[in-house]
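Take a look at the structure set out below.
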Amino acid sequence: MKGWAKYWENKGHTPKKVCSQLYCLDSFLIFQIELKRLWLPEIGLCAWLKEGSFVGHCKGMPFSLKVVAQRCNYGGYRYFFLCSCCFARMRKVYFANGAFHCRKCLKLGYYSQRLRACDGFVRMKWKIIEGLEIKRGSEYKRPPRMWRRTYESLQERISYLDWK
């Protein structure tokens with residue numbers, strides 16, 4: 001055997017599609033700015049809020065998404081879409097086959113789920129380093145106003161991920 005890729009290929013396994021390959025509607029972003037109408041010409045989406053539903057057309061296909069509101073503890077509401085297939089309350093829905101469905105109904109995976117373990121360690125290491133650089137530091141220089149022990153624990157984590 002020549003590794004797991006060959007093993008799964010022999011079994012006839014096809015990997016899941018990745019969420020980032022499909023167009024996504026995020027209810028938190030849409031209703032955070034209280035949009036009543038959404039128009040994105042680059043993907044052919046035109047939709048508006050009408051009687052508790054988000055209706056319109058995407059790529060020439062008409063669609064209707066029910067919107068439900070959840071009361072928050074400290075006032076206000078949080079809005080979710082109902083998947084048109086399983087009717088589950090979802091924050092994000094993805095456009096495929098002429099309709100918007102949730103990630104589970106479309107059997108989608110995340111990019112990080114398709115990485116090999118060694119690639120995942122490298123990715124985690126660079127995320128930590130990028131976080132330090134955002135705070136005007138680096139792998140070798142502590143950012144201003146960061147606790148020394150916090151910086152040392154991040155350095156230990158980076159060296160551990162390097163070792164892995």
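Taken to the nearest 0.5 Å, the CG atom of Leu25 stands 6.5 Å off from the CZ atom of Phe54. A distance of 13.0 Å separates CZ of Arg145 from OG1 of Thr150, quoted to the nearest 0.5 Å. A distance of 11.5 Å separates CG in Asn97 from SG in Cys105, rounded to the nearest 0.5 Å.
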For residues 132-142, tabulate all N or O donor-acceptor pairs below 3.5 Å that involve a side-chain atom, not counting sequence neighbours.
from	atom 1	to	atom 2	distance (Å)
Ser138	OG	Tyr140	N	3.1
Ser138	OG	Lys141	N	3.1
Lys141	NZ	Arg136	O	3.4
Arg142	NH1	Met146	O	2.6

Give the table of side-chain donor-acceptor pairs shorter than 3.5 Å for residues 70-88, with sequence neighbours excluded, one pair per line with atom names and distance.
from	atom 1	to	atom 2	distance (Å)
Arg71	NH2	Tyr77	OH	3.0
Ser84	OG	Phe100	O	2.6
Ser84	OG	His101	ND1	3.3

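In terms of hydrophobic clustering, with Ile, Leu, Val, Met, Phe, Trp and Tyr side chains grouped at heavy-atom distances under 4.5 Å, Val55 and Leu65 are assigned to different clusters. Residue Leu154 is grouped with residue Met124 when hydrophobic side chains (ILVMFWY) are merged at heavy-atom distances under 4.5 angstrom, including chains of intermediate members. Criterion: ILVMFWY side-chain heavy atoms under 4.5 Å apart, direct or through other members. Under it, Phe121 and Ile129 are part of a common hydrophobic cluster. Cluster annotation: Tyr23 is connected to Phe63 through the hydrophobic network of ILVMFWY side chains, with a link wherever side-chain heavy atoms come within less than 4.5 Å. Follow the hydrophobic side-chain contacts under 4.5 Å out from Val68 and you reach Phe28 in the same cluster.
Listed by first then second residue, pairs satisfying salt bridge (charged side-chain N to carboxylate O under 4.0 Å, His left out) with a partner in residues 91-106 read Asp26-Arg91, not counting sequence neighbours. Residue pairs meeting the salt bridge (charged side-chain N to carboxylate O under 4.0 Å, His left out) criterion with at least one partner in residues 149-163, sequence neighbours excluded, are Lys125-Asp162.
Cluster partners of Leu106, by chain and number: Leu22, Tyr94, Leu108. The rule joins Ile, Leu, Val, Met, Phe, Trp and Tyr whenever side-chain heavy atoms lie under 4.5 Å apart.
When the shell of 6.0 Å around CH2 of Trp126 is examined, it contains 12 or fewer heavy atoms from other residues, nucleotides or ligands. Annotation: Tyr160, atom OH; neighbour count of heavy atoms from other residues, nucleotides and ligands within 6.0 Å does not exceed 12.
Here the shortest heavy-atom pairing between Tyr110 and Val18 reads C-CG1, 4.2 Å.
Take Tyr151 and apply the side-chain hydrogen bond (donor to acceptor under 3.5 Å, both in side chains) test, not counting sequence neighbours, and it matches Gln155.
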